[in-house]
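Below is one structure; the comments refer to it alone.
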Amino acid sequence: MSRILLPGLLATGLLFSLPASAASGCMLFADGSGKPISSQGDCSSQLPPASTFKIPLALMGYDSGFLVDEKLPALPFKPGDDDWLPTWRETTTPSRWLTYSVVWYSQRLTEWLGMERFQQYVDRFDYGNRDLSGNPGKHDGLTQAWLSSSLAISPQEQARFLGKLVSGKLPVSAQTLQHTANILRQPDIDGWQIHGKTGMGYPKLLDGSLNRDQQIDWFVGWASKPGKQLIFVHTVVQKPGKQFASIKAKEEVFAALPEQLKKL
């Protein structure tokens, strides 16, 4: 498979501190293959991927033909769609889907795929625990599996998955990889292209209900320039605050990245 950007060897021994604001979680940096080169915190426990699952969903969408480019398809909001954010109540393109993390757009994609193809993609990507069963007894995995439900992935597994993505080792075309990278684009840092996605979910209690007194937040992605790549995975598990903690996780990664990138 073709690579998104030219890969290269990374220096080892990167050092960093987990942000003090993180009650618990993981900060992990990995080379372009997804092999960790520095980590702190609990990076092995599996957590709901929440909206970071939009990365594999985008790959599925472009590979299957449901998604065309960054602007198509433009799908209208319909009554009954999840709309707890005002930005979700508008016609949505692939680019807008990733920017505003629109849940119903993801669900249109998975419904179009159907469970058989959906499971095949998750298996081929070797994504986390691969469990698309959904909430017990509800048979809702097609639209809910990644939303604090059955699907789970660890930070280490996220890094391995992203390593296969950026090195072109996933079973999808170079065009699919490039379209996905395009809609994940973040602000550059000192000539490095940054691609990433936030995610927010809740842990489950023993009875299966969501523990809304805790919040699981992600920011995952990679930094690239010709000949060099760095994968990052950051999780924060803490009490909900006024600010979306996933935005905070993203800010903490952007604060840490410049120093890490100088060492490459």
Side-chain angles (χ1 to χ4, degrees), residues 44-67 73 75-85 88 92 94 97-98 100-162 164-165 170-172 176 180 183-184 197-212 214-220 233 235 237 246:
S44 61
S45 295
Q46 290 184 322
L47 302 167
S51 283
T52 66
F53 191 59
K54 288 183 174 67
I55 299 177
L57 283 177
L59 294 168
M60 296 177 204
Y62 285 116
D63 184 68
S64 66
F66 181 84
L67 303 179
L75 302 180
F77 171 79
K78 296 180 179 179
D81 288 337
D82 286 326
D83 65 349
W84 60 276
L85 289 178
W88 293 6
T92 297
W97 168 47
L98 269 293
Y100 295 105
S101 215
V102 182
V103 167
W104 62 258
Y105 198 97
S106 302
Q107 294 168 332
R108 299 273 181 87
L109 165 57
T110 57
E111 288 172 334
W112 183 83
L113 286 173
M115 181 54 79
E116 184 177 355
R117 278 203 296 175
F118 188 25
Q119 185 70 65
Q120 287 173 351
Y121 274 117
V122 170
D123 289 342
R124 287 161 58 196
F125 292 171
D126 191 21
Y127 189 89
N129 67 358
R130 305 188 189 185
D131 186 350
L132 299 181
S133 59
N135 294 296
K138 295 188 176 180
H139 307 289
D140 58 1
L142 189 60
T143 59
Q144 299 293 319
W146 64 96
L147 300 172
S148 297
S149 183
S150 59
L151 189 63
I153 190 168
S154 71
Q156 292 171 350
E157 290 169 332
Q158 285 267 27
R160 288 197 293 270
F161 167 73
L162 291 170
K164 287 185 287 186
L165 189 161
L170 290 175
V172 296
T176 287
T180 299
I183 61 175
L184 289 167
K197 185 71 190 75
T198 55
M200 187 277 287
Y202 298 97
K204 282 195 171 185
L205 299 171
L206 292 177
D207 64 1
S209 63
L210 299 183
N211 179 6
R212 295 189 180 274
Q214 279 194 314
Q215 196 166 281
I216 301 167
D217 302 283
W218 296 88
F219 185 58
V220 309
V233 179
T235 62
V237 183
S246 56

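As a basis for the values below, the full set of heavy atoms in this structure was taken, side chains included, without hydrogen atoms, waters or symmetry mates.
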Quick one: pull up [atom1] in [X] and [atom2] in [Y] and give me the separation to the nearest 0.5 Å.
| X | Y | atom1 | atom2 | answer |
| --- | --- | --- | --- | --- |
| Trp88 | Phe77 | CH2 | CZ | 10.5 Å |
| Leu132 | Gln144 | CG | CD | 12.5 Å |
| Arg108 | Leu75 | CZ | CG | 6.0 Å |
| Leu162 | Lys197 | CG | NZ | 13.0 Å |
| Gln120 | Met60 | CD | CE | 11.0 Å |
| Ser133 | Leu142 | OG | CG | 12.5 Å |

Residues 46-54 side chain polar contacts: donor-acceptor under 3.5 Å, at least two apart:
residue, atom, partner, partner atom, Å
Gln46, NE2, Glu157, OE1, 3.0
Gln46, NE2, Glu157, OE2, 3.3
Ser51, OG, Lys54, NZ, 2.8
Ser51, OG, Ser101, OG, 2.8
Thr52, OG1, Pro49, O, 2.6
Thr52, OG1, Gln158, NE2, 3.0
Lys54, NZ, Ser101, OG, 3.3

Q: Apply the test side chain to side chain contact (heavy atoms under 4.5 Å, CB included) to residues Leu98 and Leu184: give CA-CA distance (whole Å), side-chain angles for both, the deciding distance (0.1 Å), then the verdict.
A: CA-CA 7 Å; Leu98 269 293; Leu184 289 167; 3.6 Å; yes

Q | Test log, rule side chain to side chain contact (heavy atoms under 4.5 Å, CB included), inputs Asp81 and Val102 | A | CA-CA 10 Å; Asp81 288 337; Val102 182; over 6 Å; no

Q: Would you indicate whether the side-chain heavy atoms of Phe118 and Leu57 approach each other to under 4.5 Å?
A: yes

Q) Are side-chain heavy atoms of Pro203 and Ser148 found at a separation under 4.5 Å? A)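 In short, these two side chains do not touch, never coming nearer than 4.5 Å.
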
Treating [X] as the side-chain partner and [Y] as the backbone partner, does any N or O pair qualify as donor plus acceptor under 3.5 Å?
| X | Y | value |
| --- | --- | --- |
| Gln107 | Thr143 | yes |
| Asp83 | Trp104 | no |
| Thr92 | Trp97 | no |
| Ser150 | Asp131 | yes |

Shortest non-hydrogen contact from [X] to [Y]?
| X | Y | result |
| --- | --- | --- |
| Pro56 | Phe161 | CB-CZ, 3.8 Å |
| Trp146 | Gly141 | CZ3-O, 4.3 Å |
| Pro155 | Ser45 | CD-O, 3.5 Å |
| Arg124 | Pro171 | NH2-O, 3.0 Å |

Q: Please work out whether the ring planes of Tyr105 and Phe66 are parallel, tilted or perpendicular, with thresholds of 30° and 60°.
A: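 Perpendicular: the ring planes of Tyr105 and Phe66 meet at over 60°.
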
Q: Please work out whether the ring planes of Tyr121 and Phe125 are parallel, tilted or perpendicular, with thresholds of 30° and 60°.
A: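 Tilted: the ring planes of Tyr121 and Phe125 meet at 30° to 60°.
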
**Q.** Residue Tyr202 excluded, over 12 heavy atoms near OH under 6.0 Å
**A.** yes

Q.
Holding to side-chain hydrogen bond (donor to acceptor under 3.5 Å, both in side chains), I want the full list of residues that pass it with Asn211, two or more places apart in sequence or in another chain.
A.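 Partners of Asn211 under the side-chain hydrogen bond (donor to acceptor under 3.5 Å, both in side chains) test: none.
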
Q: Show your working on side chain to side chain contact (heavy atoms under 4.5 Å, CB included) between Leu151 and Asn129 and close with a plain yes or no.
A: CA-CA 6 Å; Leu151 189 63; Asn129 67 358; 3.4 Å; yes

Q: Apply side chain to side chain contact (heavy atoms under 4.5 Å, CB included) to the pair Tyr62 and Thr180, showing each step before the final yes or no.
A: CA-CA 8 Å; Tyr62 285 116; Thr180 299; 3.6 Å; yes

